[in-house]
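Quick notes on the structure that follows.
Each ligand, and each atom within it, is numbered from 1 in the order the structure gives. Residue numbers run from 1 in the order of the sequence given.
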Amino acid sequence: MEWCMAELIRNPKTLKKAQQELDQLLADGHTLQESDLPQLRYLKAAVKETFRLHPVGGFLIPHESIRETKIAGYIIPKNSLVLINTHGLGRNPDVWENPLQFMPERFIGDKVELRDAEFRVVPFGSGKRKCPGAPLGQSMLLLGLGRLIHDFNWAPPPPLLPTDIDVMEANGMTTPPATPLKALATPRLPHHRY
Ligand code: HEM
């Protein structure tokens, strides 16, 4: 959630687009709820883009091959320790145009799903040991982010500019930002909606 907020605030046009989507969806004055989530295509694309650039871990949890297999011409012997480099997958210039740019639009298609059918982004892993909490994690992210950005405008604390927001990563199990995000929230709704 912190990484997505950092990228949205660093790229104010994307924040505006996500807010416009929420404004349309919540125009009748109701509070964002779980049943609204399938319609949040732009915000879901922004979360997926955040996972591409800032996966929860640089590598997925280590796995072991139970039989010899061949992937992209490489032989993986039985009982090998297999590490999936999610950080490298998300920034591979052979796969992504402008890989370092935060661009949720790259995921806007007919259907936006956090799980990527082509395995270009694997935020929750895949196969038998994939994350069982993925639907809960996704709902919590979209509900939390949706409410934060629908109800408030966000900007870096003056005199900082959006581009001053640091998106360097620190070492750690969950790859936190090197500089914890600080941001200024300003109400953007009529008083009676708070
Ligand atoms: C956005 C939030 C979350 C992300 C990005 C995430 C990501 C991951 C990843 C990458 C794995 C490793 C998959 C692999 O080994 O290939 C994993 C495993 C796991 N996650 Fe999550 N997770 C999230 C939320 C949750 C939640 C909410 C729960 C529980 C309610 C949960 C429970 C687990 C468990 C139990 C495993 C181990 C599964 C196994 O080894 O069989 N996760 N998660």
Side-chain angles (χ1 to χ4, degrees), residues 1-11 14-15 18 21-22 32-72 74 76-92 95-96 99 102-104 106-108 111-150 154 167-178 180-181 183:
M1 196 176 286
E2 185 177 4
W3 273 123
C4 194
M5 286 297 288
E7 288 288 3
L8 289 168
I9 297 168
R10 193 165 190 267
N11 298 276
T14 62
L15 176 60
E21 178 180 66
L22 284 152
L32 184 66
Q33 46 198 287
E34 208 168 349
S35 53
D36 294 316
L37 300 184
Q39 293 173 69
L40 286 179
R41 296 174 73 245
Y42 192 83
L43 188 58
K44 212 184 280 179
V47 168
K48 188 167 179 176
E49 178 71 336
T50 305
F51 278 135
R52 180 184 72 79
L53 280 168
H54 310 288
V56 168
F59 291 93
L60 291 182
I61 293 173
H63 291 280
E64 188 180 328
S65 53
I66 54 173
R67 67 181 78 89
E68 182 178 296
T69 187
K70 202 172 179 184
I71 300 177
Y74 293 93
I76 316 285
K78 188 180 171 183
N79 298 335
S80 299
L81 179 69
V82 180
L83 290 167
I84 307 291
N85 180 354
T86 36
H87 197 270
L89 280 179
R91 296 175 183 222
N92 183 352
V95 175
W96 307 102
F102 180 75
M103 222 163 60
R106 68 173 93 236
F107 291 119
I108 298 283
K111 212 173 168 206
V112 185
E113 290 295 342
L114 282 195
R115 290 204 188 156
D116 197 272
E118 295 162 51
F119 300 102
R120 295 167 308 163
V121 189
V122 277
F124 301 104
S126 188
K128 276 188 191 164
R129 303 304 296 268
K130 69 185 173 203
C131 175
L136 177 63
Q138 172 172 327
S139 301
M140 284 164 59
L141 274 175
L142 291 170
L143 279 173
L145 286 165
R147 288 190 183 172
L148 284 176
I149 65 176
H150 176 254
W154 293 89
V167 284
M168 292 299 287
E169 291 155 354
N171 290 326
M173 270 287 283
T174 54
T175 326
L181 176 65

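Among all protein heavy atoms, the one lying closest to atom 28 (C) of ligand 1 is G133 CA, 3.5 Å. Closest to atom 30 (C) of ligand 1, if we only count protein heavy atoms, is L136 CD2, 3.8 Å. When only non-hydrogen protein atoms are considered, atom 15 (O) of ligand 1 lies nearest to H63 NE2, 2.7 Å. Here the protein heavy atom with the shortest distance to atom 23 (C) of ligand 1 is C131 SG, 3.7 Å. The shortest contact between atom 37 (C) of ligand 1 and any protein heavy atom is with P132 CD, 4.3 Å. The protein atom (non-hydrogen) at minimum distance from atom 41 (O) of ligand 1 is R129 NE, 2.6 Å.
Only side-chain heavy atoms of L141 come within less than 4.0 Å of ligand 1; its backbone N, CA, C and O stay farther off. When non-hydrogen atoms are compared, ligand 1 lies under 4.0 Å from the backbone of P123 (N, CA, C, O) but not from its side chain.
Between the CD1 atom in I149 and the OG1 atom in T14 there is a gap of 8.5 Å [rounded to 0.5 Å]. Atom CD in Q138 sits 8.0 Å away from atom CG in L141 (nearest 0.5 Å). We find the CE-CG distance between M5 and L15 to be 7.0 Å, quoted to the nearest 0.5 Å.
No N or O atom of Q138 sits closer than 3.5 Å to an N or O atom of ligand 1.
Across every non-hydrogen atom of L148 and M1, the tightest pair is CD1-SD, 4.3 Å. Nearest heavy atoms, S65 versus P77: OG-O, 2.7 Å.
The shortest distance between side-chain heavy atoms of L53 and H87 does not fall below 4.5 Å. Between R106 and R52, some side-chain heavy-atom pair lies under the 4.5 Å cut-off.
Using a cut-off of 4.0 Å between Lys/Arg side-chain N and Asp/Glu carboxylate O, R120 and E49 are scored as not salt-bridged.
With atom 12 (C) of ligand 1 as the reference point, the heavy atom nearest to it among I84, V47, I61 is part of I61. The nearest non-hydrogen atom to atom 6 (C) of ligand 1, considering only F59, F51, F124, comes from F124.
Contact atoms of ligand 1 toward L60: 10 (C), 16 (O) (distance under 4.0 Å to a heavy atom of the residue). For ligand 1, the atoms lying closer than 4.0 Å to a non-hydrogen atom of V56 are 5 (C).
Within the 4.0 Å heavy-atom cutoff, K128 does not count among the residues contacting ligand 1.
Checked against the 6.0 Å centroid threshold, F102 and W96 do not count as a close aromatic pair.
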